[in-house]
Amino acid sequence: MTALIEARDLTLTFGETPALRGASLTADAGEVLALMGPSGSGKSTLLHCLAGILTPDSGEVHFNGRRIDTMNEAQRSELRRRTFGFVFQFGQLVPELTAEENVALPLLFGGTRRAGALAQARPWFARLGLDGMQRRRSGELSGGQAQRVALARGLVARPQVLFADEPTGALDSLTGEQVMELLVGTAREQGTTVILVTHEPRVAAYADRETVVRDGKASTLAAERIAP
Amino acid sequence: MTLLGLLEREPSHGYDLKRVYDEFFGRGKPLPFGQVYATLGRLARDGKVMVGEAEPGDGPDRKRYVITETGATEFESWLTEPVAPEPSLQTVLFTKVVLALMLGRDAQQYLDAQRAAHLRRMRELTELRRTGPLVDALLADHGLFHLEADLRWIDLTTARLDAIAEAVRS
Ligand SMILES: Nc1ncnc2c1ncn2[C@@H]1O[C@H](COP(=O)(O)OP(=O)(O)OP(=O)(O)O)[C@@H](O)[C@H]1O
Ligand SMILES: [Mg+2]
């Protein structure tokens, strides 16, 4: 079986800083893959290359049989909007919008009409234990609540791939566990592939597999190749 | 002490003690009957439990055990006293790393393999805490936090490996 996502030998330098120095990885459809590694090792940069947000200096990124590092910006932005979902560590909700409007955003950007988008957004609130908070703005939500709203936004359009960069980074353990339960539970239910950047081992333990990024290089550990 | 605690809950037969023990604390390793009665015998000898009269007609297990004042007091103080916060020093991990460095072997490779093994176990425990009863989840969490602590140590050691190698060889 061919991988859904494959990165081959990516390099990327910001000015003088080499962020990626030959990073390769694969992820299968429906797989939850954790990217771990020290701060500054290139995890976020790698994630952004996989998601078509950044273009590597060299190397290839394949998604579902298509090469995305050579696509033009319009094609990539289309892919990000229709096929990918995103959750980041913080500062993601649009403060002027209500929670339900925030959740509905990917649908609105995808061309769904407002009433339909909000109707699809609403059931997420009960599911995330946020009933009654549909109309609140992000300033009126706790960090953990806002993070769950962001998670709903990442998943509402049923993306093929969810890219999550430290989605529990700002949360306490219990709230972090809840967010991970929801993230992994929903992804498995929807068959969504998840690329999850985290430095927390307990968060990585929700994944099917982990890849360690060190000094801009990604490696699959020897022990993983042994069948469980 | 666990059996004493279960007797503080209610006077019980040996068989019931074993059943409750196995359910909550056995972790797949049932307590042998012999050990239950040996412990109860010892507690009785020390005046911490009393043995009731055998109830007629029901075979050998029909004695009820009751906790005494002494037993209850001892249990109470055990229950509230913090255990010594000894870190469970993973001396094997530590020893392997130091020896590998001393002998100029590949400590990194060992640490990577250990890291992968730890994470694999953490995945199993995560699955258990997601699917199992709450009491199992509680124990799985305890294991997860400890493994996570090991993993943090492994990562820190990995990051400092060159400096440690120098310190060990000089
Ligand atoms: N936009 C940028 N401009 C310049 N340098 C950058 C930029 N983004 C990242 N870098 C550098 O690239 C390297 C990799 O950064 P990256 O954000 O991918 O690390 P990371 O593994 O995600 O770290 P963290 O765990 O701290 O989030 C770092 O040295 C960082 O300083
Ligand atoms: Mg990062």
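Letters A, B, ... are given to chains in the order of the sequence lines, protein chains preceding strands, and every chain is numbered from 1. These figures come from a predicted structure and were not determined experimentally.
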Report summary line: Honestly, the part of B/L151 sitting under 4.5 Å from a heavy atom of chain A is side chain

Query raised in the report: What do you reckon, is CZ of B/R9 surrounded by more than 12 foreign heavy atoms closer than 6.0 Å?
Result: no

Query - Residue A/A34 versus chain B: region with a heavy atom under 4.5 Å - result: neither

Query raised in the report: Pick from B/R121, B/M122, B/E148, B/E127: which one has the most heavy-atom pairs with chain A under 4.5 Å?
Result: B/E148

Query - Per-residue contact mode, A/E177 against chain B (heavy atom under 4.5 angstrom) - result: side chain

Requested in this report: Test B/R120 against A/R209 for side chain to side chain contact (heavy atoms under 4.5 Å, CB included), laying out the working first.
Outcome: CA-CA 9 Å; B/R120 198 161 49 237; A/R209 195 160 64 86; over 6 Å; no

Query raised in the report: Do the non-hydrogen side-chain atoms of A/Y206 and B/R130 ever get within less than 4.5 Å of each other?
Result: yes

Query - B/R123 and A/D208: CA distance, side-chain angles, deciding distance, side chain to side chain contact (heavy atoms under 4.5 Å, CB included) verdict - result: CA-CA 8 Å; B/R123 278 197 289 270; A/D208 299 312; 5.7 Å; no

Report summary line: When the 4.5 angstrom heavy-atom criterion is applied to A/M36 and chain B, the contacting part is side chain

**Report entry** Structural part of B/R152 lying under 4.5 Å from a heavy atom of chain A
**Finding:** side chain

**Report entry** Considering all heavy atoms, the nearest A/P201-B/L119 contact
**Finding:** O-CD2, 3.8 Å

Query raised in the report: Can we say B/R129 and A/E181 salt-bridge, meaning some charged N sits less than 4.0 Å from an Asp/Glu carboxylate O?
Result: yes

Query raised in the report: Should we say atom CZ of A/R188 is surrounded by more than 12 heavy atoms from elsewhere, each under 6.0 Å from it?
Result: yes

Query raised in the report: If you round to the nearest 0.5 Å, how far is CZ of A/R202 from CG of B/D141?
Result: 7.5 Å

